[in-house]
Amino acid sequence: MTSVSEPPSPTPGEPPPGDELRRRLLHAAAAVFARNGYDGTKIMDVVREAGLSTGAVYGRFRSKNDLLREAIVSRWRDVARRDTEGIERVADLIAAGIARTDRPLTDGEALRLEAYVTARREPEVARAVAEANEAFLAHMAPLVEEARRDGTVADDVDPDAVLFLVRILHLGLLLHRGSGLPGPDQDAWRSL
């Protein structure tokens, strides 16, 4: 196992360039949190998942909450970037999000769902969800502005309301898929 201790990064969610161990820890924490939930995530599980020592964790993060908060924010940013590659319109973003009704949650999706549920009880996680949401809104704002320019979204429609609708549709589908309940017939759903 590797044990390296460097000071924590000053920018939450964005590992400093060259800190591969920090990236591994964030990735491992996100995976363990997605699988086990907040209460079921232990530092030793993250350490094992990353193949590192507890010194690597505590040399970079003040606490389990700090590690999980940064894992949530960084993974959320990664997912937002990946999920919007090639998306040029708000309608495409909605269509891409609702197309996923019949497959299991990815680790990134499970992490998002766990984070929302945990935010109810854990202020640190609630702050991470809020921070990740701000990053999502900033990343998506140009799509809404383009939709207003091209007439897809009327000028009198609040851009924040559009983004709220998109987020709630995606979250509702995550919740449904996470429940394991079957979705509608895929052809009928696509047609709708």
Side-chain angles (χ1 to χ4, degrees), residues 1-16 19-83 97 100-101 103-140 163-164 166-181:
M1 290 219 218
T2 308
S3 176
V4 175
S5 110
E6 295 176 21
S9 167
T11 308
E14 291 290 330
D19 193 346
E20 182 56 33
L21 296 183
R22 186 179 193 88
R23 268 187 254 299
R24 283 173 54 190
L25 286 166
L26 290 172
H27 181 76
V32 173
F33 184 53
R35 275 194 314 267
N36 299 348
Y38 179 82
D39 290 332
T41 297
K42 307 293 180 239
I43 289 292
M44 283 309 299
D45 297 330
V46 174
V47 165
R48 273 189 224 97
E49 181 88 11
L52 299 170
S53 70
T54 54
V57 173
Y58 291 113
R60 287 165 178 77
F61 303 96
R62 293 181 305 270
S63 64
K64 170 184 158 180
N65 282 344
D66 188 39
L67 171 61
L68 290 178
R69 184 184 61 74
E70 287 197 38
I72 290 166
V73 172
S74 66
R75 180 55 74 91
W76 219 304
R77 282 184 185 135
D78 292 346
V79 169
R81 285 184 196 119
R82 257 194 326 275
D83 284 357
R100 304 174 188 145
T101 62
R103 62 181 176 186
L105 297 178
T106 65
D107 277 354
E109 291 168 332
L111 173 73
R112 211 172 333 160
L113 192 54
E114 287 292 335
Y116 269 104
V117 171
T118 303
R120 236 185 79 222
R121 297 178 312 277
E122 296 292 334
E124 289 273 338
V125 175
R127 282 191 287 280
V129 169
E131 191 177 327
N133 185 56
E134 287 302 316
F136 168 80
L137 294 176
H139 189 70
M140 295 294 112
L163 292 173
F164 182 78
V166 169
R167 191 175 58 245
I168 294 306
L169 284 172
H170 288 198
L171 184 59
L173 284 166
L174 283 180
L175 184 60
H176 178 79
R177 285 174 46 219
S179 73
L181 294 171

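- Partners of Asn65 under the side-chain hydrogen bond (donor to acceptor under 3.5 Å, both in side chains) rule, at least two apart in sequence or in another chain, are Tyr38.
- Using modelled atom types, no side-chain atom of Arg69 and backbone atom of Val125 make a donor-acceptor pair closer than 3.5 Å.
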Problem set entry | Verdict with reasoning, Val46 to Thr41, per side-chain contact (heavy atoms from CB on, under 4.5 Å) | CA-CA 8 Å; Val46 174; Thr41 297; 4.0 Å; yes
For this session: Apply salt bridge (Lys or Arg N to Asp or Glu O under 4.0 Å) to Glu122 and Lys64, showing your working.
Result: CA-CA 12 Å; Glu122 296 292 334; Lys64 170 184 158 180; over 6 Å; no
For this session: Begin from the C-alpha positions of Val129 and Thr118 and carry the test side-chain contact (heavy atoms from CB on, under 4.5 Å) through to its verdict.
Result: CA-CA 10 Å; Val129 169; Thr118 303; over 6 Å; no
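- With a 6.0 Å radius and a threshold of 12 heavy atoms from other residues, nucleotides or ligands, Arg120 has its CZ atom at or below the threshold.
- A distance of 6.5 Å separates CG of Asp66 from CZ of Phe61, quoted to the nearest 0.5 Å.
- Under the 4.5 Å side-chain criterion, counting only non-hydrogen atoms from C-beta, Val57 is in contact with Leu25.
- Between Glu134 and Glu131 the shortest side-chain heavy-atom distance does not fall below 4.5 Å.
- A salt bridge does not link Glu124 to Arg62: none of the charged nitrogens lies less than 4.0 Å from a carboxylate oxygen.
- Here the rule is side-chain contact (heavy atoms from CB on, under 4.5 Å) with Val32, and of Val47, Leu111, Asp45 only Asp45 fits it.
- In terms of heavy atoms, Glu114 sits closest to Gly37 at OE1-CA, 3.3 Å.
- Here the CZ-CG distance, from Arg112 to Leu175, works out to 13.0 Å after rounding to the nearest 0.5 Å.
- Between Val73 and Ala128, the closest heavy-atom pair is CG2-O, 3.6 Å.
- Atoms CD1 and CG, on Ile168 and Leu163 in that order, are 11.5 Å from each other to the nearest 0.5 Å.
- Residues meeting the side-chain hydrogen bond (donor to acceptor under 3.5 Å, both in side chains) test with Asn133, sequence neighbours left out: Arg167.
- Rounded to the nearest 0.5 angstrom, Leu26 CG and Leu68 CG are separated by 10.0 Å.
- For Asp19 and Arg60, the salt-bridge test passes: some basic side-chain N is under 4.0 Å from an acidic carboxylate O.
- When each of His27, Arg35, Arg24 is paired with Glu49, the side-chain contact (heavy atoms from CB on, under 4.5 Å) condition holds for Arg35 and for no other.
- Ser179 contributes a side-chain N or O that, together with a main-chain N or O of His176, makes up a donor-acceptor pair within less than 3.5 Å.
- Under the side-chain hydrogen bond (donor to acceptor under 3.5 Å, both in side chains) criterion, Thr106 pairs with Glu109, not counting sequence neighbours.
- When all heavy atoms of Ala71 and Ala30 are compared, the pair lying nearest together is CB-N, 3.9 Å.
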